[in-house]
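Comments concern the structure below.
The shown structure was predicted, so the numbers you read here are calculated from the model rather than taken from an experiment.
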Amino acid sequence: LYLVAAEVTTAFNVKETANRLKALITEPHITVNAKHLPVRLEKNCANLVFISNEALPVWLDGDDRRHFVLDIPATAKREPSFYAKLVKEFEKAPQAWYQFLRNVWQVDESFPNLPVPMTSAKEALLDACKSSMELFVEDWFAEELVFGEDQVLPVLCFRSSALNRVYRHWCRERGYKPVSERNLQAELRKLGFLTATTGKFRYWIPLGRDRQADEASRFERLSRCYCA
């Protein structure tokens with residue numbers, strides 16, 4: 001079953017729709033809820049193609065393994081005669097596709113389980129889907145959080161309050177919407193940060209660093225300079 005869907009998301013429901021689409025793409029069965037009939041499960045045989053003119057057509061997680069993304073520029077548009085020939089070629093498509101799949105499976109039985117190829121269009125879309133926290137951490141780890149006379153905010157163990165202050169200051173400077181304080185901890189865990197508690201303070205530890213309270217105190221002092 002080959003399905004083409006146009007403009008499946010809007011700016012208001014892009015994340016919600018993305019979660020629904022995941023099941024349609026990879027789940028072995030789908031729920032069919034026809035009117036006035038009992039709900040039933042059917043085998044999922046759908047191959048989905050999404051087309052859109054939006055800059056953010058679908059929302060992708062950073063570790064997405066479902067989507068193959070192509071960006072077709074307006075300059076790629078051809079003369080009408082080209083599309084007339086293309087339609088004629090489509091008449092041969094089913095048999096040609098069948099022969100291709102037979103040959104590929106004979107050569108490489110792992111073909112159905114190979115990862116989705118990465119494209120420059122997908123890299124751009126993944127970058128557009130990053131949260132402000134992900135972008136902040138990228139800048140921080142790349143030593144691009146500069147204050148004073150070219151002083152760089154170092155990657156150190158830190159207290160939650162100190163990082164929250166720096167992160168929100170960074171968002172204001174760049175015009176990004178910060179994640180809520182409730183989601184801050186979840187974002188940090190997702191990005192691989194570890195947590196530890198010493199006395200009344202909770203510390204967050206970047207990957208590859210040990211828990212050091214003196215580092216957290218140093219980060220506290222430097223963070224105030226950065227936000228000044």
Side-chain angles (χ1 to χ4, degrees), residues 8-19 21-22 50 52-71 73 115-196 202-209 211 215-216 218-228:
V8 296
T9 64
T10 67
F12 300 101
N13 68 354
V14 61
K15 290 187 178 181
E16 178 184 351
T17 302
N19 290 328
L21 291 175
K22 289 178 182 179
F50 306 112
S52 175
N53 289 321
E54 295 290 332
L56 191 62
V58 292
W59 187 272
L60 301 185
D61 295 327
D63 57 352
D64 175 79
R65 57 184 177 83
R66 294 176 173 86
H67 298 81
F68 174 68
V69 183
L70 291 175
D71 180 18
V116 177
M118 180 60 71
T119 64
S120 58
K122 184 170 183 177
E123 289 178 343
L125 184 56
L126 287 170
D127 195 57
C129 292
K130 289 178 181 177
S131 69
S132 57
M133 174 57 75
E134 290 176 278
L135 296 173
F136 164 76
V137 170
E138 285 183 0
D139 275 7
W140 183 24
F141 281 25
E143 298 184 343
E144 295 181 3
L145 302 187
V146 181
F147 64 96
E149 297 181 358
D150 297 328
Q151 295 187 69
V152 175
L153 190 66
V155 180
L156 300 172
C157 172
F158 56 88
R159 290 203 291 263
S160 294
S161 58
L163 184 75
N164 190 36
R165 178 171 57 248
V166 171
Y167 164 63
R168 294 186 182 282
H169 176 80
W170 178 90
C171 286
R172 285 193 300 272
E173 285 191 330
R174 287 160 178 76
Y176 290 125
K177 181 180 179 180
V179 300
S180 66
E181 292 189 27
R182 176 180 296 179
N183 293 332
L184 182 64
Q185 294 183 13
E187 286 275 353
L188 289 172
R189 289 192 177 95
K190 180 181 176 182
L191 294 172
F193 286 80
L194 304 177
T195 183
R202 168 174 287 180
Y203 297 96
W204 288 93
I205 309 165
L207 287 175
R209 301 201 66 88
R211 179 180 63 184
E215 279 198 352
R218 182 182 172 213
F219 185 91
E220 179 81 26
R221 294 193 302 273
L222 294 175
S223 68
R224 294 184 182 279
C225 296
Y226 174 78
C227 298

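- Considering CZ of F136 and CZ of F141, their distance stands at 9.0 Å, rounded to 0.5 Å.
- In this structure, T119 has no side chain to side chain donor-acceptor pair (under 3.5 Å) partners at least two apart in sequence or on a different chain.
- In terms of the side chain to side chain donor-acceptor pair (under 3.5 Å) criterion, residue partners of D61 (sequence neighbours excluded) are, by chain and number, K22.
- Sorted by first and then second residue, the salt bridge (charged side-chain N to carboxylate O under 4.0 Å, His left out) pairs with a member in residues 121-147 read D64-K122, D127-K130, K130-E138, D139-R174; sequence neighbours excluded.
- Of all non-hydrogen atoms in C129 and V58, the two that sit nearest each other are SG-O, 4.0 Å.
- In terms of the salt bridge (Lys or Arg N to Asp or Glu O under 4.0 Å) criterion, residue partners of R165 (sequence neighbours excluded) are, by chain and number, E220.
- Annotation: the span from R172 atom CZ to K177 atom NZ amounts to 15.5 Å, rounded to 0.5 Å.
- Rounding to the nearest 0.5 Å gives a distance of 8.5 Å between CD of E173 and SG of C227.
- Remark: Y176 pairs with W170 by the ring-ring contact (aromatic ring centres under 6.0 Å, His included) rule, at least two apart or across chains.
- Classification of the H67-F50 ring pair by plane angle, with boundaries at 30° and 60°, yields tilted.
- For S180, the side chain to side chain donor-acceptor pair (under 3.5 Å) partners two or more places apart in sequence, or in a different chain, are N183.
- Considering all non-hydrogen atoms of both residues, W140 and P154 come closest at NE1-O, 3.0 Å.
- A18 is linked by a side chain to side chain contact (heavy atoms under 4.5 Å, CB included) to W59, counting only residues two or more places apart in sequence or in another chain.
- With sequence neighbours excluded, the residues that form a side chain to side chain donor-acceptor pair (under 3.5 Å) with S160 are W204.
- Looking at residues two or more places apart in sequence or on another chain, you find a side chain to side chain contact (heavy atoms under 4.5 Å, CB included) between P73 and T75, A76.
- When all heavy atoms of V116 and R65 are compared, the closest pair comes out as CG2-O, 3.2 Å.
- Shown here for V166 and S223, the closest heavy-atom pair between the two residues is CG2-CB, 3.2 Å.
- The shortest distance between side-chain heavy atoms of N19 and T17 does not fall below 4.5 Å.
- Without hydrogens or angle criteria, Y167 side chain to V137 main chain gives no donor-acceptor distance under 3.5 Å.
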What donor-acceptor contacts under 3.5 angstrom involve side-chain atoms of residues 184-192, with partners at least two apart or in another chain?
unit_1 : atom_1 : unit_2 : atom_2 : d
Q185   : OE1    : R202   : NH1    : 3.0
E187   : OE1    : S131   : OG     : 3.2

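- Minimum interatomic distance between S132 and P178 (heavy atoms only, all atoms of both residues): OG-CA, 3.7 Å.
- Heavy atoms only, all atoms of each residue included: M118 and L126 are closest at CE-CD1, 3.9 Å.
- Proximity of L125 to P57: side-chain heavy atoms (C-beta onward) are separated by under 4.5 Å at one or more points.
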